Structure formats: structure tokens, C-alpha cells
Amino acid sequence: MLHFGPAAKSFITVWNALPYGSYELWTRGKITSGMDNKIYFVDQTIRDAQQSLWGLMMSTDMITPIAEVLDQVGYRDIATVGSQAFTVQVRSLNEDPWERIRILSKLITKTPLRGSYQIGSLSSFDLSTPRDIIALWIKRSVANGVKAFWICDYQDDMEKFIYFAKIAKAEGTEVVPALMYTSSPAHTGEHWAEKTRRLLQARDYIDRIMIEDASGVITPEATRELISTVRRNSEGLPLEFHCHCNSGLAPLCYLEAIKAGATTLHTAATPLANGTSLPSTATILKNARRLGFTSDINEDALAAVSEHFRKIAQEHGFPIGSPMEYDLFHFEHQVPGGMMTNLTRQLREVGMENRLGEILEETVLVRKELGYPVMATPYSQIVGAQAVEHVISGKRYEQITDEVIKYALGYYGQPIVPIDPDVMGRIMNYPRTGEFLNWKPQGYLKTVEEFRSEFGPELSEDDLLLKILIPGKPVKKSEPKKKPAAQVPRSVSPEDPPYDFPTTFSVDVDGDVFNVKISPVWNGSGNAGAYIQAEAQQNPPASQPLPPPGAVVSGMAGLVLSIEVKIGDCVNAGEALALIEAMKMKRYLSAPHGGVVKEILATEGEIVNPEDVLMVVQPDD
């Protein structure tokens, strides 16, 4: 029989009292005398989760009945939607986004509301939003109730980052920048170490660092390595972890993250978790406690929140998230969940969802050719939009988006590896590229007062920001809110393809936020082709009137930013007729043939559908 002394008996007594899994934590140095093993949660239910699964169609009326209970759960922060989702609220829900923040800040009094801003623009990605407008956005967000910000940033312009972080801190908020994760042969441990060290240039203005994997491609092993690398280079700044469930690995990665030293996790209420969303708060909490971690989460309040949103899903036909099956192809294309949802829906609406696989394969190639950009906003849209044009037109790089041109010229930061030489040559020889060689943001130092004189001195600061953010028709606050169209309630089941979610989503393709469609052209054989240049349909459905001769249709859903011609102008084939904002990007609509502009049917600021006739160009004889 073995005999133990008093010291050994004390150790055994303590060891037997430790939770299951404590040996693993002890060997990793987690359980030590006096060490705080508390973890915290940022709730993404009404922000990223509903963006990923419900397409940002969660109205304010769906949140307010449960808001006070949300406040009782014990989250570190509750994330609320930012500028990109503002456009959805105005255009699709007919809501005042600022009013939502004001309402929630009155109902949620203990938990800080977390908003967001970008250092380059309010929402679209033309990099030209004036500095004073972004500063005003930060200040008005705080005035309406925001107490913390996360910044989607890529550490390419730390001078600009620090400028806005100072403003946010002066307003009394927390600042949490993101390290946007991606996987490629070029994204090594040293790359992430350098990104972290760059962030420390703003050390005095940062409260925590958030590691975000929008595509959900990080593995448990990579999570351990990444958290350890960032911790070694972050001078003690606390770390947050935010990962989507696209590959099915996120719940495992969360456990590895807290074992490696992350202290704050981004999760969602169970009905809006999993799928392409984030892990469930309840599940992560349960597993973390098994590993010896503690939390102040009120599980009764959390259960009430989940039950509320489950009923909302059933009432409105929104999907309920379910775990995803492992799909190796996802690690190749890395398309984020919201972008995948949006793209799939758009293709389905025009009967072309069978082309999705081609588009994803092309996305893999385009990303490699462009030097492996991070597959997160705006880079995922830049890559995805170019891939769509290749597949639909059948010709690679014959049409090149303005954003790809600006990316190639370094305006979005230098690619991590050089762009493929052949592709770079085609970009540099593209006719529009010359217009961007010495490009500078127009009016970057334009003042708020100048905008007031342009849009009207009677506008409040909040309404002025909405006017700048969302050109065209402003929100009509007197009209009833638009309810989402009812669908048959269903869950996002593992049997579905990872990219096949029938959710209404507003452009994030992961954002400017109206539906972007690719309009088919029937060639008479029953096969749907499509076009990039505007062209009237040759054989429209019988239920639609035949467009007039020379009609030029939009070919995409979007916002008409400008009409580039006037009645009576003579135009050549390929000449720009109008500028449309779609898929977060500005795209010129080109003349399909030469002729004379006889009629202009669209107006600037109007939202158009793919089949809408914008103008009539009488063809040359």
C-alpha cells in the first residue's frame, strides 16, 4: 500500500477538486497560483451574427423587447451595426439607424454598445471620405450611445489610424483594432508579428487587440500559434478572438484561443450561431468551464435571449444556425460567410446558382494572382467581384474593376507578395488605369461646413452623415417599417452546401447594401449567358414588355451615382454612360453599341434593378 505525506495529500485533495481538463491547462501553464482564469464575451447577435445568417434584416422592433434582458447577460460589450448596415436599415427596413442606437442605449445601460468605423471611408471603398466626416461619424456615434469601437484595419496607414484613434479616445470610448486573419503561403508567423508590432505604434490609444477570422479558415493548431505570436509582440495588451464557423472548426479554435491566452470571445445567441456566423455563447461557456475557466455570464438571461430570437426566426422565416460540415474547398476560396450568402442568393434570383462553383474556383485563382489579399472587407469584395466578371463574361481581365486597379497601384496597401506579372501587365495596359496613376482622394480635407452648404444647413449632423453615406433617396421616417418577406422557416442544416443559405442579404458581397444581380441574356438555345456591358435582352420573358430598340439596361441592381451623358450626345461602343454603385463598388455602365442618346429614363440617386432600362441609344446606321 502506498503512503502519502501531508503535502502529497494536500496536493491530491486540490487536484481532485479541479475541473475536468485541468491537467491539460496545468501543463500549458494556465492554472497557477493566484491566476485569474475569467473570460469575457462580446455579443454579436445583433451585429455580425444577424449579418451572416439574416442578411442584416433584423429590425429595431425585433431587438427592443429583449434589450433589457440582453443588458443582464453580463457581456463585456454588445456589438451593434456600423455604417455598412446603416444602408440596409435605410433602404431595406426604412429605419433611422441613429434612432436604433439611441433606443438601445436607453434600454441597455450597463453593457457598453460597441460600434465601428473605418479609417478610409464611411462604407464604400473608394477611399475618398473626407477626414472631418469620419471624425464626425465617431463623435456622433458616441453622442448617440456608442461606448466602444472596433476598427477593421490592415495596419497599412498607422498615421491615419492614430489620428482617428485619438479622437475616439478623447470621446471617452474604448478602441479595439482588428488583426484580420487569412491563410496563404505568404501569411507566416513573422507576418503576424510584424502586424502586431505595427499596431503598437498606437499603443497609447488601444485597449485590446481583436484577432478576427471572417472566413473561418483558422485551425486549432494555427490558433495556438497565432495567439502566442501576437501575445509575444503585443506588450501585454489583452486579446479578443472572433472567428466564423464556415469550416466547422471555430468552436474548437475558441477553446485553443483561451488556453493560449485570449481573454475575450465573440459569440452569439444560439439561434444566430453556427452556420456562417460565430459560435454559440452557451456552448463556448459550457466548454470553457469544463476547462477551468470562469465567467460572469447569467445563463438564465442568456437562455431568454436565445428563446426570443428563436421565436423571431420562426415568425419571420429566418434561418436558425446549425453546425457546418467540414469542406476542404472552403480553405481554398476563403469567401466570408456574409459574402457567400449574398452571392448565392443573387445567383439564385437570376437562375444561375449553378455557376457558383465556377465563381469560387475563379476566386481562388484571382486571389493568388493578386498576391493573396486577406479575404475580408474590402479585399474579399475586390477579389470576388473580379472573379464574377470573369465567369459571367467568359473572358479574364477584359473588364477590370476600378478597385482592382487601385489595389494594384497600392492605394489599398502593398500586396503581401507581388501581383502576377502577366496580370499586372494587363491592369497597367487597361484604358482606365491611366486615370488612377496620380489619383488622390478628392476633397479629403473638405470640412463639415462645406458639406452643410452643399446639402442644406437645416440638416442635423446625424442626417448629414446619412446623406453622405447613402446618396439618393433619404429615409422616410414617417413611413411604416418594411417587414422582411416571410419564408418557410428552416434551419441552416449540415446537409446543405456550406454556401447555400436562402437568406435575404444586403450587399456585403460582406455591403453597400442593396441587392446586386447579374442579369442573364438568353441566346435562343435555352442557355443563360450573361454580360458585363449593358445590353438589352434579346428574348425577354413573355410577361415583360419588349424594351425599345437601342434600350440599354442596367444589368445589375444598384444605385445610380451619375449619368455621364445627356440627350443628343453621340457615343461610341464601350463609352461610359452611367456610374452605378453595386457590390460595394462603383462600376461604369458601358455603351453596348455606338449611336445617339435619344432618351434617359434613370435619374441620379435612383435604385435600379438589373432589367431596368436606363436610357435609349439609337444605334448608328
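Values below: all heavy atoms of this structure, side chains included; hydrogens, waters and symmetry mates excluded. No experiment lies behind these values; they were computed from the predicted model shown.
- Residues F41 and Y75 place their aromatic rings such that the two centres sit no closer than 6.0 Å.
- Atom NZ of K139 is surrounded by 12 or fewer heavy atoms from other residues, nucleotides or ligands within 6.0 Å.
- In summary, the side chains of D43 and T45 do present a donor paired with an acceptor at a separation below 3.5 Å, with no hydrogens or angles considered.
- Proximity of D156 to K195: side-chain heavy atoms (C-beta onward) are separated by under 4.5 Å at one or more points.
- Counting non-hydrogen atoms of other residues, nucleotides and ligands closer than 6.0 Å to CD of E190 gives a total above 12.
- Between T229 and T196 there is no side-chain heavy-atom pair separated by less than 4.5 Å.
- Taking the six-membered ring for Trp, F86 and W98 have ring centres closer than 6.0 Å.
- Note that CG of L179 and CZ of R198 are 10.5 Å apart. Values are rounded to the nearest 0.5 Å.
- Side-chain contact between V142 and K147 is absent, with no heavy-atom pair separated by less than 4.5 Å.
- More than 12 heavy atoms of other residues, nucleotides or ligands sit less than 6.0 Å from atom NZ of K446.
- Within the 4.5 Å cutoff, the side chain of W439 has no heavy atoms near those of the L409 side chain.
- Under 4.0 Å is where a charged nitrogen must lie from a carboxylate oxygen, and between K166 and D204 no such pair does.
- Side-chain atoms of T60 and E95 form a donor-acceptor pair, as typed in the model, at a separation below 3.5 Å.
- Side-chain contact check for T267 and T281: at least one donor-acceptor pair (N or O, by modelled atom type) lies under 3.5 Å.
- Side-chain atoms of D462 and L466, non-hydrogen and from C-beta on, never get closer than 4.5 Å to each other.
- The aromatic rings of H242 and H244 lie tilted to each other, with the angle between the two planes from 30° to 60°.
- Side-chain contact between N144 and R100: absent, with no pair of heavy atoms (C-beta onward) separated by less than 4.5 Å.
- In this structure, Y407 and Y412 have tilted ring planes: the angle between them lies in the 30° to 60° band.
- Both tests do not hold together for K38 against F293: distance to the six-membered ring centre under 6.0 Å, angle to the ring axis within 45°.
- In this pair, Y326 and F331 present their aromatic rings tilted. The plane angle is within the 30 to 60° band.
- For S183, the side-chain contact (heavy atoms from CB on, under 4.5 Å) partners are Y181, V217, Q334, not counting sequence neighbours.
- The two residues D213 and I218 make their nearest non-hydrogen contact at OD2-N, 2.8 Å.
- When the shell of 6.0 Å around CD of E159 is examined, it contains 12 or fewer heavy atoms from other residues, nucleotides or ligands.
- Side chains of L104 and I63 form a contact here, defined as non-hydrogen atoms less than 4.5 Å apart.
- Residues I151 and V176 have side chains not in contact (no heavy-atom distance under 4.5 Å, counting atoms from C-beta outward).
- Open room surrounds NZ on K286; 12 or fewer heavy atoms of other groups in view lie less than 6.0 Å from it.
- Applying side-chain contact (heavy atoms from CB on, under 4.5 Å) to L53 and the options T276, I320, L278 leaves one that passes, T276.
- Looking at K110 and D71, no side-chain N of the basic residue comes within less than 4.0 Å of a carboxylate O on the acidic one, giving no salt bridge.
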Sequence neighbours excluded and cut-off under 3.5 Å, please list the side-chain donor-acceptor pairs for residues 131-138, or say none.
unit_1, atom_1, unit_2, atom_2, d
R131, NE, Y163, OH, 3.4
W137, NE1, S116, O, 3.1

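- Side-chain contact annotation: T447 with E450, donor-acceptor N/O pair under 3.5 Å present.
- For the pair R452 (side chain) and L459 (backbone), a donor-acceptor distance under 3.5 Å is present.
- With respect to E240 and R114, a salt bridge is recorded, a charged nitrogen being found less than 4.0 Å from a carboxylate O.
- In this structure a side-chain-to-backbone donor-acceptor pair under 3.5 Å is missing from S280 to A273.
- The residues R208 and E174 are annotated as salt-bridged, a charged nitrogen and a carboxylate oxygen being separated by less than 4.0 angstrom.
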